[in-house]
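Quick notes on the structure that follows.
Sequential numbering from 1 along the given sequence is applied to the chain's residues. All values below come from the heavy atoms of this structure, side chains included, with hydrogens, waters and symmetry mates left out.
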Amino acid sequence: MKKLKLGYAPTRRFTFSADDAFKYKVEIRKKIESLGMDIDIVDLEGLNEEGLLYDDHINADLIAKRFKEEEVDAVFFPHCNFGTEDTVARVGKALGKPVLLWGPRDEAPLADGMRLRDTQCGIFATGKVLRRFNVPFTYVTNSWVNDPVFERGFTNFVAAANVVRQFKSLRILQIGPRPASFWTMMCNEGELLERFGIEIHPITIVDIQLRTKKIASSNSSELLETMDYIKEKLDYSEVTEDDVRRIAALKVAMKSFARETGSSAIAIQCWSSLQDAISIMPCLANAILTDEQIPVTCETDIHGAITSIMVQAASMNTLPTFFADITVRHPENDNGELLFHCGNFPVSLSVENKPKLRKHFLFDDHSPGTHEGEIRGGGMTIARFDGDHGEYSMFLGRARGIEGPYTRGSYVWVEVNDWPLWEEKLVKGPYVHHSVGIHANVIPAIYEACNYIPGLTPDPVDPTEQEIQSWLRGSDLARNKRPNLHV
């Protein structure tokens, strides 16, 4: 995965202190580099003596040209003093990328009454002009450079921009049609392309069968490495050596098709034609690929694959997702629920040191290939991209792992804030029983990303939209500093 490229375009206006603007340009750059995010920064150095956006000395065309040539994914316009709002808006419009607007808080006036920057006033101006240019943007509360609210807002914006760039270049490898009885997995391929630019590359079960058999008959290094991985990480005592080889070959085959087609996610018809074709379940192969940042969704769930990419990107591709059925309520906890699938959760999330590679426990043929066991708990985000009747939304909710009874397959029991509310929202739709989980709070990043994806509405159940906005503004941080205004 290529690093996200961030355009850095600090701005000032001639009527205020140029020296202070330059000072803040350097200070802000140092701050964002200290945050440890794995990004590349493209600045304005060399375009003028200051490396700042101001007046007519450096115009919008030159800045946009540099950023386009460098293929930036987002642009940050820190207002180092009042700022040049018209040029900021022209650059934002020309690029069509996520835009971050922020400026460091102004100091007190000097002893003679003069002010050095008036940054906040300039931000008001730029916000209005960006609206005039129809440029969507993210705003972080006017704050000190080392204020936690700036760090929170900046890192969240970068994660949101990573979601947007991966969403807008998304191609999904579809292996086989949806299972005939799964009407819930219907999707509108033409509408996904027309509205969001999402491409689907279909191949047949025969395609994957032939390549899997060819790879299984070889001794390629990738096949042998995958077999070694399975034997090292899992208890495979319930299956044969030949089963391990075929499971590894399927994983290698799926990955090779993903590479060839430029696909970043896979949706596979995991039953039942595949078992007739190669006599295995794909669950463990799905799990290994998901751990390798190529998420695979079961039952040809295209919308689930889209969700997986968005959730993974919101973590800056640092954590694996897991694809789960939302299945049954906890027998004792009214806010508890079972997240489960037959055996596809990433091996790296397992509670056991050596989870079991087993035969499927539901289908009559009991084909081998399921990776079974509980995964770890902790805080999680549960998400689902879905839609019908031409309207699309993104379900978002927080959960935490809890104790629960043993069950077959890959699973984790979770508790949420208000299960009846979740259940009602999921039943009334446009959602289904499939969801994507990740062990991180990526809700604010996905919420912000929806600002840049026309036609996609964020639909948070916990936290609420108001709570997310409050968190992004840093209201919780400000509360500790707020004076008592009661008379």
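By the ring pair (Phe, Tyr, Trp, His ring centres under 6.0 Å) test, His360 is found to be paired with Phe363, residues two or more places apart in sequence or in another chain being considered. For Phe323, the ring pair (Phe, Tyr, Trp, His ring centres under 6.0 Å) partners are His341, His434, not counting sequence neighbours. Under the salt bridge (Lys or Arg N to Asp or Glu O under 4.0 Å) criterion, Lys30 pairs with no residue, sequence neighbours left out.
Taking the charged nitrogens against the carboxylate oxygens, Glu299 and Arg178 have no contact shorter than 4.0 Å, which rules out a salt bridge. The pair Lys97-Asp73 fails the salt-bridge criterion, with no side-chain N (NZ, NE, NH1 or NH2) lying under 4.0 Å from an Asp/Glu carboxylate O. Ion pairing between a basic and an acidic side chain is recognised when a charged N comes within 4.0 Å of a carboxylate O; Arg259 and Glu222 show such pairing.
Proximity of the aromatic rings of Phe137 and Phe77 is defined here by a centroid distance below 6.0 angstrom, and this criterion is not met. Tyr139 has its ring centre no less than 6.0 Å from the ring centre of Trp102. Ring to ring, Phe76 and Phe154 are close: their centroids are under 6.0 angstrom apart.
Under the 30°/60° scheme for interplanar angles, the aromatic rings of Phe157 and Tyr452 are found to stand perpendicular. Ring orientation note: the planes of Phe322 and Phe345 are tilted relative to one another, at an angle of 30° to 60°.
Heavy atoms from other residues, nucleotides or ligands lying under 6.0 Å from CD of Glu403 number 12 at most.
Side-chain contact between Val158 and Leu100: absent, with no pair of heavy atoms (C-beta onward) separated by less than 4.5 Å. Contact annotation: the side chain of Asp325 never approaches that of Leu339 to less than 4.5 Å [non-hydrogen atoms, C-beta and beyond].
The distance from atom CZ of Arg398 to atom CH2 of Trp422, rounded to the nearest 0.5 Å, is 9.5 Å.
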Could you walk me through whether Tyr447 and Glu465 pass the side chain to side chain contact (heavy atoms under 4.5 Å, CB included) check?
CA-CA 9 Å; Tyr447 175 85; Glu465 190 163 7; 2.9 Å; yes
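The only member of Val42, Leu6, Leu62 that meets side-chain contact (heavy atoms from CB on, under 4.5 Å) when paired with Phe67 is Val42.
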